[in-house]
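A note on names: the letters A, B, ... follow the listed sequences, proteins ahead of strands, and every chain is numbered from 1. Everything numeric here is computed off the predicted structure, so don't read it as measured data.
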Number of protein chains: 2
Amino acid sequence: MSTPSEMANKVFSKKNQMGNSTSKVALRPVNRSRLHEEIVSQIQRKIISGEIKAGEKLPAERELAVELGVNRATLREAVKKLEAQGLVEVRHGDGVYVKDFLESENLDVLKAMIYHEGGVDSTIIDSLLIARIALLPEIAAVAAVKRKDEHVQKLKEIVELGKNMPALEADLAVHHTIARASENYLVIFILNFFNKLFREYGKYYFDDPQNEERSRKFHREIFSAIARGDAPRAKRIMRDVLIYARERTMNAMRKSL
Amino acid sequence: MSTPSEMANKVFSKKNQMGNSTSKVALRPVNRSRLHEEIVSQIQRKIISGEIKAGEKLPAERELAVELGVNRATLREAVKKLEAQGLVEVRHGDGVYVKDFLESENLDVLKAMIYHEGGVDSTIIDSLLIARIALLPEIAAVAAVKRKDEHVQKLKEIVELGKNMPALEADLAVHHTIARASENYLVIFILNFFNKLFREYGKYYFDDPQNEERSRKFHREIFSAIARGDAPRAKRIMRDVLIYARERTMNAMRKSL
DNA sequence: ATTGTATATTGGTTGAACCATTGAATGACT
DNA sequence: AGTCATTCAATGGTTCAACCAATATACAAT
């Protein structure tokens with residue numbers, strides 16, 4: 001809740017609103033993409049689309065820099081990011097080789113795979129929803145067993161004050177709290193990934209009043225179950241809502257195609 | 001099986017063996033850490049250990065470069081990697097800010113959290129083993145339902161020829177194949193993470209002949225279940241072996257402390 | 001055929017300079 | 001006192017030109 005980026009997102013210059021300072025304008029961050037980020041996107045896309053295959057050697061840095069119209073130092077910064085994503089392997093004195101992105105462990109790559117060629121890949125989305133169903137009920141049960149005042153209190157606040165905040169934000173907070181309560185670090189990291197995705201694209205789900213109401217009900221029930229330490233009930237409640245969400249989400253995606 | 005790094009690992013100069021060309025010498029890769037990687041490790045460690053807290057601003061690049069005794073371009077390459085890991089946020093004209101690493105989604109960070117201050121953090125290891133138990137049985141069931149000849153054949157080969165390869169390698173291959181068979185991309189990525197960890201540190205587990213035999217048995221049984229499309233059985237077999245592995249692993253870690 | 005050597009290629013690092021953005025200090029104006 | 005625009009110093013972003021270090025390759029020597 002207090003990372004620099006989130007703090008920064010709450011501040012914007014009034015000048016950009018062109019006098020429309022009171023109404024809620026849907027502002028998107030200015031595209032001030034840094035050069036090396038633009039390069040990362042380009043190469044990342046070519047790798048994930050299969051245009052560049054695993055095992056191939058990229059052109060030499062000096063060549064690539066000329067081709068892209070940037071300085072070699074800038075290109076190198078991009079290559080370092082690609083290396084951190086596990087998409088390329090750099091060999092001193094030899095060259096930069098493309099790796100098999102399906103052998104990656106970097107969820108940024110998975111995210112890029114979702115949004116390839118304009119649309120979203122519903123197959124990958126479904127794999128996320130399925131994994132969530134397998135994982136989170138168990139984690140909810142663990143949270144109910146370990147329950148600490150800190151987390152129960154946090155859930156209570158979300159349920160009580162949550163009516164004043166968007167359903168999406170309340171939902172992200174509930175999952176975040178349960179993950180923290182479970183003290184399972186892998187799940188915490190995976191949930192960070194989920195929540196970042198949902199923060200960008202989950203609004204469509206909560207636009208449906210029926211889904212929002214289902215979500216509010218889930219918040220009340222899971223809080224109750226965890227507060228009482230009823231692990232089996234927490235597990236079932238979590239499972240039910242995730243199965244519901246998967247069905248609704250996949251149906252919506254099917255319709256939009 | 002064909003990433004550049006793995007191909008490279010099978011090739012080495014005989015000169016490094018200093019005339020001992022026939023005996024099996026335990027050679028470790030020369031530590032030819034590039035400067036920017038050394039820098040990444042240093043700063044990563046300081047962030048994860050809490051020495052640098054979330055929200056703090058790092059010294060200016062020009063200062064930091066002098067302090068580390070490297071050129072600013074080199075430092076910047078390191079910062080780009082840290083940024084890709086979600087550990088810092090760079091703001092043009094302002095500075096480099098440390099982010100809360102518990103809000104990261106990068107499993108490299110989780111790996112670094114495991115190996116902090118010399119030893120391994122058994123709490124995090126256990127969270128991996130728990131998540132694995134929640135996740136993989138369901139994925140084994142999916143694999144049994146979707147079963148394709150390609151994957152069944154691969155499992156058969158591993159079971160038949162696996163006796164000639166180390167149990168660790170056979171085990172990694174089995175899990176890899178099942179993940180691919182499930183076609184669940186998130187699980188594939190998470191399993192890439194697991195397998196990379198186990199390839200480094202799983203040998204201790206398979207040093208125990210009892211564990212190795214248990215693993216071979218698992219390979220035979222899961223192959224049989226998936227080949228017959230028996231999803232419930234595949235699920236149970238996977239679950240049983242993972243629970244066994246968790247108990248043995250955690251017991252071993254407790255003893256070594 | 002094997003081994004050693006020279007060379008070109010490629011990534012790694014350096015130093016200096018300049019551009020672009022930001023935050024804070026300043027001062028004018030209300 | 002508070003608000004606003006201006007100025008300016010600090011900081012990240014990019015460029016340029018070199019040189020260092022590791023590697024692959026071709027070639028010569030054996």
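- D:dG12 atom P lies 13 Å from atom NE2 of A:H36, rounded to whole Å.
- Atom-to-atom, CG of B:L68 to C1' of C:dT14 comes out at 15 Å; the value is rounded to the nearest Å.
- Annotation for A:N71 and A:A73: closest pair OD1-N, 2.8 Å, computed over non-hydrogen atoms.
- Between A:Y115 and A:Y201, the gap from one ring centroid to the other is short of 6.0 Å.
- Applying the side chain to side chain contact (heavy atoms under 4.5 Å, CB included) test to A:E183 and every residue at least two apart in sequence or in another chain returns A:K146, A:K148.
- Between the CD atom of B:E89 and the C1' atom of D:dT11 there is a distance of 15 Å, given to the nearest Å.
- Between the CD atom of A:E37 and the P atom of D:dG12 there is a distance of 15 Å, given to the nearest Å.
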Close N or O pairs between protein and nucleotides 5-11 of chain C (under 3.5 Å):
| unit_1 | atom_1 | unit_2 | atom_2 | d |
| --- | --- | --- | --- | --- |
| C:dT10 | O3' | A:D94 | O | 3.4 |
| C:dG11 | OP2 | A:E61 | N | 2.8 |
| C:dG11 | O4' | A:G93 | N | 3.4 |
| C:dG11 | N7 | A:R62 | NH1 | 2.9 |
| C:dG11 | O6 | A:R62 | NH2 | 2.9 |
| C:dG11 | N2 | A:H92 | NE2 | 3.2 |
| C:dG11 | N3 | A:H92 | NE2 | 3.2 |

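- Between the CG atom of B:L75 and the C1' atom of D:dT11 there is a distance of 13 Å, rounded to whole Å.
- Here C:dT13 presents its C1' atom at 7 Å from CG of B:N71, a figure rounded to the nearest Å.
- Note on B:V79: nothing from the nucleic acid sits closer than 4.0 angstrom, heavy atoms only.
- Separating the CD atom in B:E83 from the CZ atom in A:R34 is a distance of 4.0 Å, to the nearest 0.5 Å.
- Checking B:Q44 against B:H116 by side-chain atom types alone, no donor-acceptor pair falls below 3.5 Å.
- Within the structure, salt bridge (charged side-chain N to carboxylate O under 4.0 Å, His left out) contacts touching residues 115-128 of chain A (residues at least two apart or in different chains) are A:D126-A:R246.
- Going from atom CG of A:L35 over to atom P of D:dG12 covers 18 Å, rounded to whole Å.
- For C:dG12, neither phosphate oxygen OP1 nor OP2 lies less than 4.0 angstrom from any side-chain nitrogen or oxygen of B:T74.
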